[in-house]
Amino acid sequence: MFEVRWGGDRFMRGWSATADELTTILHRYGIPDPDLTNPDVSTMTVENPEEVRTGRLDDDIDEWNRLLRSRADGPQRAQLREALVALRDQIPADGAELRRWLAQRAEVVNAEAPQVDRVAVFQGGSPVRCDPGPEFPAWSECLEWVDSQTIVSTVDRVWGSFDRMERHRRSLDAFCLSLRAADSAPLLEAWIDDFTIGRLRQPVQLVRVEGPAGPVHQLRADGTHRAHFARVFGLPVMALVKISQLPRPLIVIDHPDHPGPDALGAGFGRVASLYMGLRARGLLEVDGDPRRPDFMDVWQLRRVCAEWMLLPPAEAAAANHAYDKVFPGALVEATGLTAEQLYDPHRWARAVVLPPSKLFRARLWHENRKRKRLFARMHDVPTAPAFGIDLAQPDGGVNASRQGPELTADKREH
């Protein structure tokens with residue numbers, strides 16, 4: 001376990017298995033190299049899981065309440081109060097007019113800064129294949145005031161719209177009505193406490209994901225409604241911020257892309273070609289100097305410009321664009337690519353996905369030939385080229401490496 005205080009009033013608690021993991025976590029918060037000569041961090045395997053789980057900030061109720069109160073009363077509270085007073089005067093009294101007004105505000109935010117599916121790659125449910133990692137991964141959490149513009153992904157993908165069974169549990173309408181009714185200083189302070197600390201003393205919970213110019217955040221737990229309200233109206237939000245999980249060994253292999261419109265999304269299979277391309281551009285560093293694997297390999301990641309760049313091109317390009325909304329021009333400067341290459345899935349794929357190897361094309365040709373023959377036997381029909389592959393050529397022809405015009409070697413962007 002470790003605890004860190006820095007910047008006057010900032011406080012973090014976490015757990016790591018090694019001093020290197022602790023240093024990595026602290027670097028993410030901009031804390032310079034600490035003195036770890038005698039760190040209170042064990043390199044031994046954790047035998048008692050409770051030693052890891054009981055260190056959470058909310059484990060001790062009294063301490064948790066004190067910490068919540070201290071952070072909620074920080075200097076950012078005055079900024080929030082001022083913004084809420086100005087907002088309260090704009091809220092329409094009529095219900096129908098209020099709904100139209102909210103829809104217009106949400107429409108603007110959705111048009112300017114649409115959400116993305118994810119930016120945290122090593123959390124659960126990611127399409128990036130990697131080693132499961134240790135049973136008890138390193139973690140840290142702290143209470144932070146966050147600019148809501150850095151929240152780029154939540155459970156409900158459309159700002160101001162919630163897919164819930166309990167429609168009246170919370171909504172932007174309810175926030176506005178209760179704020180409008182908080183027309184005295186004590187009522188407004190109680191409203192702010194409800195918004196920051198939460199009715200069940202659970203603030204908004206965010207995952208912090210690093211980028212070259214600063215972090216963005218992803219929400220996968222409590223606080224979706226409050227986060228949406230804050231984002232739609234540009235309000236600061238107090239959150240329990242956890243770091244995204246540290247990188248785990250990457251499973252590197254090329255599979256054929258699935259044909260169709262989603263070849264650069266869920267149908268994307270050429271992971272090895274993507275990782276090799278990111279390495280060639282200096283956007284990904286791994287241990288050693290591994291070559292492109294003929295079949296499957298495992299790489300230990302050392303550095304990546306932004307972890308969402310490991311995602312399939314469609315998701316990576318969307319996340320690149322979302323990051324640019326928060327930190328304009330940062331990725332262009334960090335990568336040397338143009339905005340068009342960063343934000344368009346096809347141009348991003350041309351820029352960072354290397355052409356498939358000859359071995360991959362040969363495997364693809366043999367696989368398609370087997371499928372063609374099986375189809376012919378089942379349906380007793382003449383055979384035809386499968387998946388756009390010219391079976392008369394042992395390498396499948398120039399089009400054997402792709403399922404569209406995006407990724408041929410002669411059209412790859414530099």
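- Within a 6.0 Å sphere centred on CD of Glu63, heavy atoms belonging to other residues, nucleotides or ligands number more than 12.
- Salt bridge status for Arg118 with Glu315: present, with a side-chain N to carboxylate O gap under 4.0 Å.
- Under the side-chain contact (heavy atoms from CB on, under 4.5 Å) test applied with Pro203, the options Val237, Leu68, Ile197, Asp222 reduce to a single match, Leu68.
- No side-chain donor from either of Arg71 and Thr196 sits under 3.5 Å from a side-chain acceptor of the other.
- Counting heavy atoms from C-beta outward, Leu310 and Leu278 have side chains that approach closer than 4.5 Å.
- From Ile243, atom CD1 reaches atom CZ of Arg28 across 5.0 Å, with rounding to the nearest 0.5 Å.
- Here Phe122 and Trp139 keep their ring centres 6.0 angstrom or further from each other.
- The aromatic rings of Trp308 and Tyr323 are tilted relative to each other, their planes meeting at an angle between 30° and 60°.
- Seen from the ring of Trp64, Arg69 does not count as a face-on cation partner, given the 6.0 Å and 45° thresholds.
- Between Phe229 and Phe195, the two ring planes are perpendicular [angle over 60°; tilted spans 30° to 60°].
- Side chain to side chain, Gln123 and Ser244 fail the donor-acceptor criterion of an N or O pair below 3.5 Å.
- Under the 4.5 Å side-chain criterion, counting only non-hydrogen atoms from C-beta, Asp324 is in contact with Tyr343.
- A ring-centre distance under 6.0 Å is found for His228 and Phe162.
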